[in-house]
Every structure is written in structure tokens, then in C-alpha cells.
Amino acid sequence: MNFDALLNNVRSVLRGEVTGSVRFVAVILASLIVWVGVYIVNDLKNAAAMNLNTQQSRWKNLLILAEEYKNLDPSSKNRQNNPNVDVATVFAQVSERMQLGNRVNRVTPDGRNQSVEINRLYGEELADLERQLSNRGITFNAAELRALPSGRERLLTVNAIIGPVN
């Protein structure tokens, strides 16, 4: 096929000299406009979905931080800084509330403090135990942690000396 003849045919279609060429050009332009519009809308939708996922993860992090802040209880009025707090009673109440049960292996008095051994704790449980004890005026004076593999997670064995906040 001759390139010049093809070029002349295209020119005559674009000029509208051929019957139906105006409709043909209009359909091509309309199709092109629709295709570009769909592409732009799809791109905007993907960007909005990514922004939504980012905002959702930020919101979850904010909720976690707010919950941790509430658990800190920064006002000294509510926190028990009483050195006369009964460590054994408070530990028994907290371990009962957390349903530690037979995982508490040993509780031994050590002057004002208590020596405790707790087996098979998850990391979240240990953090929760520390948080609840500190909210009641008890702190970990010393602790030894051993991590034991249990499937995909690790369970902790904790030997600790707990006592009132000074």
C-alpha cells in the first residue's frame, strides 16, 4: 500500500470530505475523552483509598496512645504512693482479676516486698500486670525474664521482686 495514498485518505477523513467522517472523528474523540476520564477517576480513587488506609492506621494508633495515656493516670492524687500498701493483697487482687491462676508459681514475702514467680505469660499480659500494679502503688524493684518458645509466640517466665513505690 502506498503511504501517500493512506495519508491523503486520512486527511480527507479529518477534513470531513468523506461521507460519515465527521461522525467517525466525533466517536474517536468521545472515546478518547471517556478513556482519559476513566483513567483519571481510577487514579483519584486509588489515591483516596491509600489516604483512607493511612488515616485509619493513624486513628488506631491514636486510640492506642489515648488508652495508654488514660492508664498512666498522671495525677498524683489518684496514684497510691502509700508505703504502707499491702503488696501481697494487691498482687493477689490483680492476679485474680487477670486470671493468672496456677501460672503464679511462687509468692514469698521479702521484708516490705514480695518475691513472685509467674510462668507462661504473654508479653501483653506482663505489660498489663505492670500497669495494673503501678496504678495501685506497686512497682517492680527487680525482675528476671526468661523467654520460652511456644509455637509462633514466646511465653515469658518472670521472677520479680515487687514492692511499694517509694
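These values consider heavy atoms only, across backbone and side chains, with no hydrogens, waters or symmetry-generated copies. Owing to the predicted nature of the structure, the values given are computational and were not obtained by experimental measurement.
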Considering only heavy atoms from C-beta outward, does the side chain of [X] approach that of [Y] to under 4.5 Å?
X	Y	result
Tyr122	Glu153	yes
Val116	Val104	no
Arg11	Asn8	yes
Leu126	Leu145	yes
Ile161	Phe140	no
Leu155	Thr157	no
Asn42	Asn46	yes

To the nearest 0.5 Å, how far apart are [atom1] in [X] and [atom2] in [Y]?
X	Y	atom1	atom2	result
Glu130	Asn135	CD	CG	8.5 Å
Asn102	Arg120	CG	CZ	5.5 Å
Ile162	Leu129	CD1	CG	7.5 Å
Ile118	Arg106	CD1	CZ	10.0 Å

Query raised in the report: Under the side chain to side chain contact (heavy atoms under 4.5 Å, CB included) criterion, do Val87 and Asn113 qualify, and how do the steps go?
Result: CA-CA 7 Å; Val87 177; Asn113 302 324; 5.6 Å; no
Query raised in the report: If two hydrophobic side chains count as joined below 4.5 Å and joins carry through other members, does Leu148 share a cluster with Val158?
Result: no
Query - Residue Gln99 excluded, over 12 heavy atoms near CD under 6.0 Å - result: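 No, because the 6.0 Å sphere around CD of Gln99 holds 12 heavy atoms or fewer from other groups.
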Query - Enclosure of Glu96 CD (heavy-atom neighbours >12, cutoff 6.0 Å) - result: no
Query raised in the report: What heavy-atom pair brings Val85 and Pro164 nearest, and what distance separates the two atoms?
Result: CG1-CB, 3.6 Å
Report task. Answer with yes or no whether the side chains of Asp128 and Gln132 bring together a donor and an acceptor at under 3.5 Å. Result -> yes
Query - Residues Leu65, Tyr69; criterion side chain to side chain contact (heavy atoms under 4.5 Å, CB included); working and verdict - result: CA-CA 6 Å; Leu65 287 173; Tyr69 180 75; over 6 Å; no
Report task. Report the C-alpha distance between Asn159 and Arg146 in whole Å, list the side-chain angles of each, state the deciding distance to 0.1 Å, and finish with yes or no for side chain to side chain contact (heavy atoms under 4.5 Å, CB included). Result -> CA-CA 9 Å; Asn159 289 319; Arg146 288 184 302 231; 3.8 Å; yes
